[in-house]
Amino acid sequence: MTKTVTDVICPFCGTLCDDLEVEVSDDGKQIVDVYNACVIGAAKFLHSQASDRVKRPRMQQPDGSYKEVSYDEAVEYTAKMLASSKKPLMYGWSSTSCEAQSVGHEIAEQVGAIVDNTATVCHGSTLIAVQDVGIPSCTLGEVKNRADRIIFWGCNPCHAHPRHMSRYSIFPRGFFVNKGHKNRKVFVIDPRVTDTAKMADYHFQIEQGRDYELLSALRVALRNEWLPDTVAGIPKEKIYEAAEVLKSGRFGIIFFGMGVTQSLSKNHNIDNAIMLTKDLNEFTKFSIMAMRGHYNVTGSGQVLGWQFGFPYCVDLSRGFARYNPGETSSNDLLRRGEVDAVFVLGSDPGAHFPISSVKKFSELPSVAVDPHITPTTEVAKLHVPVAFVGVEVGGNCYRMDNVPIEARKVVDPPEGMLTDEEFLSRVNKRVKELMEAKK
Ligand code: SF4
């Protein structure tokens, strides 16, 4: 006999789908099948059942091999590393719960660490733009029920947020858009013909890195003022037409992603996109939203915001919070050799940071807390496996539109395995003792 757990949250992307159904064995230990999730989400659940899963902490030996150690030894190593280092980097946080993040920050405050999350290589530039010019945004529910003009700018939800379009942005029938897709005009701005672009009513195949110009041109076109014949490879007639279509809608939304946050002009692309949204509000109702990546990167920014006032790149090394991306951001600190230990939880910088940073990381004392074996765990001196948040332990998470949703536990973790929060709480307790002894 099996039973079905309903209203399960998917702990993968920022869409944070909350309608999954998971069939589990009667004893609540095995996942049998996952319904409603996209292929990425289903894989996350099924991966937790892998037979070769690491179940105990592993310490790297001088010859590169691994020796299994106990959780007690792992706690001791981590606490000593953090307490004895002058300026440790505590990075990641986007694939764990807000509760675990909060305990991690308490440790960071005691040891004077820098706390940074994956926004540093993702939507950090968005956060800078929002601090500069504000943001007229909304929730995904409003998009579903009202939006008749949708822009995907530099993002490809077909591949990165697969159910975004069916749950919120293109296909669902909403209260005021009851014909679903038929009521909506979809624009995609992307240099490539992506699968998302193939579904669009208008695809602007922009020249790479020239988004700032096209955003400015659209703002000019809204007022029917002069434009050169082409802007960023797009003929002016198309830009004037797009401006008219956008103005004629009742509710519009710009979704944007890495194509603009990580290309030439970075945060200035975003402040220009926000200003375009503000301009469009002179004609109709328009909002803008970042396509946040990990399922709880938004939560990490929220928790850091409540605790220290800044959403990422928070430097606590002087006993109070300072924030200056470029100076206090992980890659800049690693590349300049300004940190002397690295603690990673809920992220994989080994795979996603530039090789120059990974090289520095590999030379430092380091701990990686992750249920999976990843390039990061293979570089770190100590790998601590933990339970999967959203599969084996619940916790609070924030969707890309800043809506908090409580993740559900579906099955038990392997016997004796700690959760992120349990491991961090034990490290926190030990760090307190070590810091007291130092005084
Ligand atoms: S769209 Fe994202 S949150 Fe939804 S099931 Fe797929 S990976 Fe999970």
Side-chain angles (χ1 to χ4, degrees), residues 4-24 31-50 93-98 117-119 122-123 139-141 143-144 147 150 152 155-172 174 180-181 186 188 194-196 199 253 255-258 289-302 346-348 351-352 370-372 374 387-411:
T4 303
V5 188
T6 56
D7 301 319
V8 175
I9 310 305
C10 171
F12 189 79
C13 83
T15 311
L16 204 59
C17 296
D18 54 1
D19 61 344
L20 272 51
E21 295 188 354
V22 184
E23 197 180 330
V24 297
I31 293 175
V32 179
D33 215 338
V34 182
Y35 303 103
N36 297 343
C38 70
V39 65
I40 316 175
K44 174 113 194 210
F45 280 86
L46 297 171
H47 190 80
S48 68
Q49 312 282 299
W93 310 109
S94 304
S95 290
T96 191
S97 64
C98 293
N117 58 37
T118 55
C122 189
H123 274 286
T139 65
L140 287 170
V143 174
K144 175 189 166 189
I150 318 273
F152 291 111
C155 55
N156 184 10
C158 267
H159 289 239
H161 299 81
R163 296 184 71 221
H164 190 278
M165 296 155 297
S166 58
R167 276 176 66 80
Y168 302 112
S169 46
I170 303 185
F171 301 112
H181 192 185
V186 179
V188 170
T194 60
D195 286 331
T196 308
M199 290 196 299
I253 174 93
F255 291 109
F256 63 96
M258 300 294 92
M289 191 184 299
M291 295 287 271
R292 302 305 303 268
H294 295 66
Y295 69 92
N296 200 26
V297 60
T298 309
S300 176
Q302 289 280 356
S347 173
D348 187 6
H352 304 293
D370 201 305
H372 307 267
T374 65
F388 281 84
V389 174
V391 181
E392 297 165 342
V393 56
N396 195 52
C397 306
Y398 278 74
R399 200 168 63 188
M400 63 166 69
D401 54 351
N402 291 296
V403 171
I405 306 180
E406 190 77 19
R408 294 192 80 168
K409 174 179 166 169
V410 178
V411 283

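Atoms within a ligand are numbered from 1 in the order they appear, just like the ligands themselves. Heavy atoms only: backbone and side chains are in, while hydrogens, waters and symmetry mates are out. Numbering of residues begins at 1 and proceeds along the displayed sequence. Nothing here was measured: the structure is a model prediction, and the numbers come from that model.
- Distances from atom 8 (Fe) of ligand 1 under 2.8 Å pick out these protein N/O/S atoms: Cys10 SG.
- Counting only residues at least two apart or on different chains, no salt bridge (Lys or Arg N to Asp or Glu O under 4.0 Å) pair has a member in residues 31-50.
- Applying the side-chain hydrogen bond (donor to acceptor under 3.5 Å, both in side chains) test to residues at least two apart or on different chains, the pairs with a partner in residues 8-23 are Thr2-Glu23, Asp18-Arg167, Asp19-Arg163, Asp19-Arg167, Glu23-Tyr35.
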Result block: side-chain N/O donor-acceptor pairs under 3.5 angstrom for residues 387-398, not counting sequence neighbours:
from	atom 1	to	atom 2	distance (Å)
Glu392	OE1	Arg53	NH2	3.0
Glu392	OE1	Phe388	N	2.9
Glu392	OE2	Arg53	NH1	2.7

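- Checked against the 6.0 Å centroid threshold, Phe152 and Phe255 count as a close aromatic pair.
- Between the side chain of Thr196 and the backbone N or O of Cys158 there is at least one donor-acceptor pair closer than 3.5 Å.
- For the residue pair Asn402 / Thr298, no side-chain donor-acceptor distance below 3.5 Å is found, with atom types taken as modelled.
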